[in-house]
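For reference, the structure discussed in these notes is given below.
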Amino acid sequence: MKPIKAVKIVWRDAEADNSWTNIQDLKDPGDCHTLGYLVRESETFYHISSTITEIEDAGKKSTHVTSTIAIPKAWVISMFEVKNPKSKK
């Protein structure tokens with residue numbers, strides 16, 4: 001499997017509430033901290049996955065992911081690569 005970068009992203013979240021709320025009780029959502037694998041990057045989104053694996057089917061290997069989140073780049077406060085201290089790469 002090709003190496004896939006592990007990252008930590010801090011980002012602003014959006015929040016929705018469909019109940020009746022006093023305006024005085026409205027609060028800004030907190031910042032989110034996401035740790036995972038950067039499996040795809042588009043012009044406007046980072047796609048993060050918690051788990052990756054390589055599956056072989058009929059002699060062909062492919063990478064599969066689960067538990068993904070697409071974070072809008074415009075919402076990102078910071079992002080940095082997480083290094084494995086035991087990795088030789």
Side-chain angles (χ1 to χ4, degrees):
M1 181 173 7
K2 293 180 184 177
I4 297 177
K5 189 186 307 187
V7 295
K8 178 178 180 183
I9 298 181
V10 179
W11 54 285
R12 289 259 146 72
D13 198 5
E15 186 174 88
D17 185 348
N18 65 350
S19 63
W20 286 100
T21 305
N22 185 313
I23 291 175
Q24 305 304 324
D25 294 334
L26 294 174
K27 306 230 180 325
D28 293 344
D31 295 339
C32 297
H33 297 248
T34 299
L35 184 65
Y37 295 98
L38 178 61
V39 294
R40 182 174 182 268
E41 180 178 349
S42 71
E43 188 175 316
T44 53
F45 284 91
Y46 293 113
H47 295 260
I48 309 298
S49 173
S50 70
T51 306
I52 56 176
T53 190
E54 189 171 71
I55 296 174
E56 186 171 341
D57 185 24
K60 184 178 178 184
K61 293 182 181 181
S62 61
T63 302
H64 290 243
V65 298
T66 188
S67 301
T68 61
I69 182 170
I71 301 172
K73 287 183 173 183
W75 294 9
V76 172
I77 298 166
S78 65
M79 181 173 81
F80 63 89
E81 186 173 357
V82 177
K83 297 284 188 179
N84 179 350
K86 294 182 180 181
S87 176
K88 295 180 181 178
K89 294 184 179 183

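- Linking Ile, Leu, Val, Met, Phe, Trp and Tyr residues whenever their side-chain heavy atoms come within less than 4.5 Å places Val76 and Ile48 in a single cluster.
- Within the 3.5 Å criterion, the main-chain N or O of Thr68 finds no donor-acceptor partner in the side chain of Ser49.
- Counting heavy atoms from C-beta on, the side chains of Ile69 and Trp11 come closer than 4.5 Å.
- Within the 4.5 Å cutoff, side-chain heavy atoms of Ile4 are placed close to those of Thr63.
- Side-chain atoms of Lys73 come within 3.5 Å of backbone N or O of Ser42 as a donor-acceptor pair.
- The CZ atom of Arg12 sits 4.5 Å away from atom CG of Asp31, with the distance rounded to the nearest 0.5 Å.
- Contact detail for His33 and Val10: the closest heavy-atom pair is ND1-CG2, 3.5 Å.
- Residues Val82 and Lys8 come closest through the heavy atom pair CG2-N, 3.8 Å.
- Summarising the geometry of Ser67 relative to Ser50, their closest heavy-atom pair is CB-OG, 3.0 Å, with the distance given to 0.1 Å.
- By the rule that hydrophobic residues join a cluster once side-chain heavy atoms approach within less than 4.5 Å of another member, Val39 and Val7 end up as members of separate clusters.
- Summarising the geometry, atom CG belonging to Asp13 is positioned 11.5 Å from atom CG belonging to Asp28; distances are rounded to the nearest 0.5 Å.
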*Give the intermediate values and the outcome of side-chain contact (heavy atoms from CB on, under 4.5 Å) for residues Val65 and Tyr37.*
CA-CA 9 Å; Val65 298; Tyr37 295 98; over 6 Å; no

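- Distance check: Lys61 NZ to Glu54 CD gives 5.0 Å after rounding to the nearest 0.5 Å.
- When all heavy atoms of Glu41 and Leu38 are compared, the closest pair comes out as OE1-CD2, 4.3 Å.
- Taking NZ of Lys2 as the reference point, atom CD1 of Ile52 lies at 12.5 Å (rounded to 0.5 Å).
- Looking at every heavy atom in both residues, Pro72 comes nearest to Ala70 through CD-O, 3.8 Å.
- One distance of note links CD1 of Ile71 with NE2 of His47; it measures 10.0 Å at 0.5 Å rounding.
- Within 6.0 Å of atom CG in Asn18, 12 or fewer heavy atoms from other residues, nucleotides or ligands are found, so the atom counts as exposed in its surroundings.
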*Show your working on side chain to side chain donor-acceptor pair (under 3.5 Å) between Ser62 and His64 and close with a plain yes or no.*
CA-CA 7 Å; Ser62 61; His64 290 243; 3.1 Å; yes

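- Going from atom CD1 of Ile9 over to atom CG of Leu35 covers 9.5 Å, rounded to the nearest 0.5 Å.
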